Amino acid sequence: AQTVTQSQPEMSVQEAETVTLSCTYDTSESDYYLFWYKQPPSRQMILVIRQEAYKQQNATENRFSVNFQKAAKSFSLKISDSQLGDAAMYFCAYGAANAGGTSYGKLTFGQGTILTVHP
Amino acid sequence: DTAVSQTPKYLVTQMGNDKSIKCEQNLGHDTMYWYKQDSKKFLKIMFSYNNKELIINETVPNRFSPKSPDKAHLNLHINSLELGDSAVYFCASSQEERISLSSYNEQFFGPGTRLTVL
């Protein structure tokens with residue numbers, strides 16, 4: 001079974017600074033996807049960024065980028081130029097890539113990291 | 001024009017009651033899901049339906065019964081509610097996208113329903 005671990009229950013960063021959130025996962029599959037979701041106090045789940053395991057290039061979305069280390073099964077999220085609106089709970093998630101079967105579409109989430117942004 | 005909507009947003013009820021949470025998506029997706037987020041914010045999948053067919057059924061008590069009247073709706077019915085059922089329940093939907101040899105499904109989440117059992 002896949003597991004996802006976020007070892008930082010809480011992180012804080014000063015506005016305009018950079019912060020990195022850690023995530024490790026365990027899987028025996030070779031093809032999968034990894035995601036970072038943001039959950040602000042409104043509790044809406046918002047997709048921040050995704051990474052395909054077959055791609056070596058790290059995904060980037062504006063101020064958000066990932067450091068994907070497939071051999072180490074590590075998937076960290078870097079937020080540059082942090083803004084007050086980035087304050088939220090961040091979830092790392094793993095998704096199987098193959099269609100069909102009982103694991104299709106299933107997202108396995110980590111425990112979450114609460115990010116506080118100080119002005 | 002909300003993509004994935006859930007009703008109600010808040011639900012407070014007594015132990016032993018039966019309640020339903022409704023979910024609708026207008027994205028034309030063929031797969032829908034129910035997730036449970038407990039008091040420690042841990043999110044776990046409960047069910048998924050693809051074109052009205054049950055695909056994933058995690059180890060959920062049989063007091064929970066999903067019902068999908070059509071592929072745009074996936075409702076969650078809970079019988080004999082217990083204190084431990086208090087949580088936030090999220091509905092989500094996705095459409096499989098074929099990329100190279102693998103498939104990818106970005107899931108769009110509803111706003112969540114906070115269920116409180118007294």
Side-chain angles (χ1 to χ4, degrees), chain A residues 1-6 8-10 23 27 29-57 59 61 88-115, chain B residues 2-6 9-10 23 27 29-51 53-60 74 87-115:
Chain A
Q2 293 82 20
T3 58
V4 178
T5 302
Q6 293 177 248
Q8 306 155 317
E10 297 183 36
C23 173
T27 183
E29 298 175 350
S30 59
D31 197 10
Y32 49 87
Y33 293 85
L34 296 164
F35 307 87
W36 278 97
Y37 279 88
K38 169 185 177 182
Q39 187 178 39
S42 67
R43 77 169 184 245
Q44 179 69 53
M45 294 290 289
I46 302 163
L47 179 65
V48 174
I49 198 165
R50 81 166 196 253
Q51 174 77 45
E52 294 88 339
Y54 64 87
K55 285 188 178 178
Q56 292 186 344
Q57 187 174 6
E61 286 286 342
M89 189 143 191
Y90 286 80
F91 292 94
C92 177
Y94 168 101
N98 51 317
T102 57
S103 64
Y104 174 62
K106 174 182 174 180
L107 283 182
T108 301
F109 286 88
Q111 306 91 322
T113 297
I114 299 172
L115 177 66
Chain B
T2 307
V4 182
S5 60
Q6 293 178 229
K9 286 199 170 56
Y10 298 92
C23 177
L27 298 166
H29 290 168
D30 58 8
T31 306
M32 296 184 73
Y33 313 81
W34 277 108
Y35 287 86
K36 178 180 180 180
Q37 186 173 40
D38 63 23
S39 58
K40 295 183 180 175
K41 302 288 189 179
F42 186 62
L43 259 166
K44 188 167 183 206
I45 192 164
M46 301 172 70
F47 303 101
S48 81
Y49 269 73
N50 179 263
N51 282 318
E53 181 186 345
L54 181 65
I55 302 296
I56 295 174
N57 183 353
E58 291 289 284
T59 50
V60 177
L74 181 62
V88 178
Y89 292 85
F90 285 96
C91 177
S93 73
S94 70
Q95 181 68 37
E96 180 187 342
E97 295 178 35
R98 287 280 172 183
I99 301 175
S100 184
L101 296 176
S102 65
S103 64
Y104 156 71
N105 58 326
E106 177 181 341
Q107 295 186 20
F108 293 79
F109 283 78
T113 295
R114 181 177 292 281
L115 171 65

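Worth saying up front: this structure is predicted, and the values here are computed from it rather than measured. In what follows, chains carry the letters A, B, and so on, assigned in the order in which the sequence lines appear, proteins first and then strands, with residues in each chain numbered from 1.
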Distance in Å, A/K106 NZ paired with B/F47 CZ, rounded so as to fall on 0.5 Å steps: 13.0 Å
Kindly determine whether B/Y33 and A/L107 satisfy side-chain contact (heavy atoms from CB on, under 4.5 Å), including the steps that lead there. CA-CA 10 Å; B/Y33 313 81; A/L107 283 182; over 6 Å; no
Using atom types as modelled and distance alone, determine if a side-chain donor or acceptor of A/R43 lies under 3.5 Å from a backbone N or O of B/G112. yes
Rounded to the nearest 0.5 Å, how far does CD of B/E106 lie from CZ of A/F35? 7.5 Å
Could you tell me which portion of B/F108 (side chain, backbone, both or neither) has an atom closer than 4.5 angstrom to a non-hydrogen atom of chain A? neither
Table please: side-chain donor-acceptor pairs of residues 38-45 of chain B below 3.5 Å, with sequence neighbours left out.
unit_1: B/D38; atom_1: OD1; unit_2: B/K40; atom_2: N; d: 2.9
unit_1: B/D38; atom_1: OD1; unit_2: B/K41; atom_2: N; d: 3.2
unit_1: B/D38; atom_1: OD1; unit_2: B/F42; atom_2: N; d: 2.9

What part of A/Y37 gets closer than 4.5 Å to chain B, counting heavy atoms only: side chain, backbone, both or neither? side chain
In chain order, what residues pass the side-chain contact (heavy atoms from CB on, under 4.5 Å) check against A/Q44, with sequence neighbours excluded? A/S42, A/I46, B/F109, B/P111
